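Report on the structure given below.
Only heavy atoms go into these numbers, but all of them, side chains included; no hydrogens, no water, no symmetry mates. Keep in mind the model is a prediction, meaning the values are calculated, not measured. Protein chains get the first letters and strands the later ones, always in sequence-line order, with residue 1 at the start of each.
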Amino acid sequence: MAKQIIPKKYAMPHQDPQVRAKNFDEVALGYTEELAVAEAERCLNCKKPFCKEGCPVSVDIPEFIALVKERKFEEAAKVIKRTNALPAVCGRVCPQENQCEKFCVVGKKNEPVGIGRLERFVGDYIVQKDERIEKAEPTGYKVAIVGSGPAGLACAADLARLGHSVTMYEALHTPGGVLMYGIPEFRLPKAIVQKEIENLKKMGVEIETNAIIGQIASLDELFKEEGFDAAFLGTGAGTPYFMNLPGENYNGVYSANEFLTRSNLMKAYCFPECDTPVKVGKKVAVLGGGNVAMDAARTALRLGAEEVYIVYRRSRAELPARLEEVEHAEEEGVQFLFLTNPTRYVGSEDGWLTGLECIKMELGEPDASGRRKPVPIPGSEYVLPVDVAIVAIGQGPNPLLTNTTPDLETNKRGNIVADESTGKTSKEGVYAGGDVVTGAATVIKAMGAGRTAAKSIHEYLLSKS
Amino acid sequence: MYKIVAKKTLAPAIHEFDILAPKVAKKAKAGQFIIVRVDENGERIPLTIADYDREAGTITIVFAEAGYSTKKLALLNAGDAVQDFVGPLGVPSHIEKFGNVVMVAGGVGVAPVFPIAREMKAAGNHVVGIMGARNQELIFWEEKMKEACSELLVTTDDGSYVRKGFVTDVLREYVEKEGKPDLVMAIGPLPMMRAVANLTKEFEIKTMVSLNSIMVDGTGMCGACRVTVGGETRFVCVDGPEFDGHLVDFEEQLTRSRQYKTEEQHALNRGGCGCGGGGKCHG
Ligand SMILES: Cc1cc2nc3c(=O)[nH]c(=O)nc-3n(C[C@H](O)[C@H](O)[C@H](O)COP(=O)(O)OP(=O)(O)OC[C@H]3O[C@@H](n4cnc5c(N)ncnc54)[C@H](O)[C@@H]3O)c2cc1C
Ligand SMILES: Cc1cc2nc3c(=O)[nH]c(=O)nc-3n(C[C@H](O)[C@H](O)[C@H](O)COP(=O)(O)OP(=O)(O)OC[C@H]3O[C@@H](n4cnc5c(N)ncnc54)[C@H](O)[C@@H]3O)c2cc1C
Ligand code: SF4
Ligand code: SF4
Ligand code: FES
């Protein structure tokens, strides 16, 4: 008899929207063991698992889910960690609906298996256990990792496991990249990220914070003076874009990076106990529709803003943010202004933002990407009264390292050119991956690129001897 | 942690620290700055590199107690350490043989001017230093400046030392008497730099100023430090801190520097949010 499929994913307990909109604690509370096992039962353990093809790093999904069914959580974690070093992180932040879960066969007629939720459960289970860290025989090779975001972390972990001596350089005072300064606590508790970083240190990875490569030492100096044999560049896409609209430098106009960094990394949410301030505003407009915009909007609500608007020029269907984040933002009271495009900032005599002038849009002919292109409706301009605006329209690569490394090939947007299947750049012994190569993408893609590069670096080092 | 190896109080509420940071000292150049964070809950504060000793591995910073964070820094003594110290940041001063160079320093601006003046002189320039302070008590590093410059002119706003007048008065007199220098460089409070730039525009003398915008990361990641220069938005931390004084929108910079006035007052009064300083307050 065919197995009866439960049509919906087991719901994950959440904090009540009214309550959570006022605190920074995590929104989704995760499965209990019972719920995890029950959800795992929904998986058909397909011979040909389509889900796995949807995962950028090909996690052995049916295999780990089968182990969850048997309550062998530690073994399940081992299976995931063969390809994904940070399950507790990816289970939370992967856009599963576009990746693994999109291809799950159960999802054809019903809701797909909650792969992300299960991965998160397993990740959290293992984070709480003290993992035994095996140290490998030292190879004697030294590898420099520049940037400590997911790309750098994944690359460092693999190289250390292979016995190479790894030093990671991070510009900021805390390692973790976007996981620390960008994605807020209520979506990704910082303790989880720090735990993973502690594990890396236990494996022998040296982490130097406050070290900007390109300023404190150039890449060439790392090779010549510090004796590194290879390097991986995972410097991310940290430079915020602005819209170049009139009035963009009024007081009260932030880049999402600044707003989120002040709140997350500098803990402005506990100002003045922590020293860094942030202007919250009563009415806040967030420009953009991606994950970054959702995070900024939800952070503004939590910091005490009365009204928060997402201003997005296309319609709901085109929002690039993860579906879950959009739903959470809506539940918490963020207001969405679709088909609305900002045209200029309005300010007071003394330089403070008082409003955002917007124009209404309508959907026209499909553009090159196949999406219907939004076109302005003439004469529909109006001013949205706001005292804070947060620009979340994207980020580009930071030029500090590339500017000081002339023989490293970059494209016209400033991204480092690297081979997709190896991470190899135009410079011998130098590999790159993550957002600095692809432009702003996802955590799992950055980690995948870090791992690919680790493999090539290992081969490169062995071929040298 | 980065150790404070020496501390001097140069004038009321103005302090000099030598901080042990060998890697930064190895690379530091005149015109660059560092960012310091006093403790776990601290703000990141930018301060110019006033001097460096590559052998001893130290960086000298000079700062005025402006608000909460600099007051907190001032409480530390030799032997204590700061949590974070990152640099060198920004683009170094462009040093070459220009000919006659006038270096104008206002208030604490003397400290950042000093290494630039020294390098300018070493590059073969005739360097005229003009330094000014509100009163005699606030004058420091006069001897060091004398050595770094070919000639040094000192003034006080209230006339309590050497002469009465603003640095712009001295600059105007100098230019009227000696003719146009090839380059003027001004570092100090924004209104002072604006006044210098307005004056030199009149005489059409190329002028560089070193901006001290509000910053967070100092690596080009946040845009807090943005400034309009010649109609374009630039980031002070990575494109600067030095810019052509005739192209800087000083009005906008002044407005932007007042962005956290209310919060700064709040921090000084320390209302307290009750999180106990663990950084975990979710109120
Ligand atoms: C607010 C926000 C929300 C997001 N939400 C999601 C999400 O839900 N799901 C998802 O999959 N993705 C999300 N992303 C995207 C994801 O975070 C990134 O794609 C990913 O972090 C890229 O990893 P990375 O390692 O390439 O770079 P980053 O995480 O950007 O790390 C780069 C690190 O390098 C450091 N660095 C830069 N230059 C230097 C230098 N010269 N010397 C030393 N260090 C340097 C930086 O300080 C930084 O710490 C989000 C991004 C943001 C900003
Ligand atoms: C590149 C750079 C180099 C600098 N070099 C020096 C230096 O060598 N010595 C020194 O004493 N200061 C220097 N500053 C200024 C210094 O960073 C500020 O004085 C400090 O951040 C103030 O912090 P606070 O918490 O003590 O005061 P706050 O409470 O933040 O501010 C007190 C007062 O100072 C003003 N203020 C705040 N930030 C700045 C700022 N960045 N610049 C000017 N005024 C500000 C505020 O509007 C307020 O009126 C530099 C700034 C930059 C960007
Ligand atoms: S890493 Fe992401 S895409 Fe891959 S299985 Fe896990 S949640 Fe799905
Ligand atoms: S496609 Fe769905 S049902 Fe099949 S193995 Fe993957 S998760 Fe399980
Ligand atoms: S201080 Fe953040 S970009 Fe300049």
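- A salt bridge is absent between B:K26 and A:E221: the closest approach of a Lys/Arg side-chain nitrogen to an acidic carboxylate oxygen does not fall below 4.0 angstrom.
- A donor-acceptor pair shorter than 3.5 Å can be found between the side chains of B:T228 and A:N249.
- The 12-atom threshold is not exceeded at NZ of B:K3, counting heavy atoms of other residues, nucleotides or ligands nearer than 6.0 Å.
- Interface remark: A:T261 contributes side-chain atoms only to the contact with chain B (heavy atom separation under 4.5 Å).
- B:V24 touches chain A through backbone and side chain together, each having a heavy atom under 4.5 Å away.
- With hydrogens and angles ignored, the 3.5 Å screen pairs a side-chain donor or acceptor of A:Q215 with a backbone N or O of B:P88.
- B:R258 and A:W352 get closest at one heavy-atom pair: O-CZ2, 4.3 Å.
- Only the backbone of A:S218 comes within contact range of chain B, with heavy atoms under 4.5 Å apart.
- Taking every heavy atom of both residues into account, A:P240 and B:G223 meet most closely at CG-N, 4.3 Å.
- Counting heavy-atom pairs under 4.5 Å between each of A:D350, A:N251, A:N257 and chain B puts A:N251 at the top.
- Across all non-hydrogen atoms, the minimal contact from B:F235 to A:T239 is CE2-CG2, 4.4 Å.
- Contact count versus chain A (heavy atoms, under 4.5 Å) is highest, among B:G42, B:A28, B:G218, for B:G42.
- The closest side-chain heavy-atom distance from A:V253 to B:R226 is below 4.5 Å.
- Within the 4.5 angstrom heavy-atom criterion, only side-chain atoms of A:F242, from C-beta onward, approach chain B.
- Comparing B:L254, B:D39, B:I35, B:T233 by heavy-atom pairs within less than 4.5 Å of chain A, the highest count is held by B:T233.
- We find the CZ-NE2 distance between B:R37 and A:H173 to be 3.5 Å, quoted to the nearest 0.5 Å.
- Contact of A:I212 with chain B is made through the side chain alone, with heavy-atom distances under 4.5 Å.
- A:N210 places no side-chain N or O within 3.5 Å of a backbone atom of B:D84 that could act as its donor or acceptor partner.
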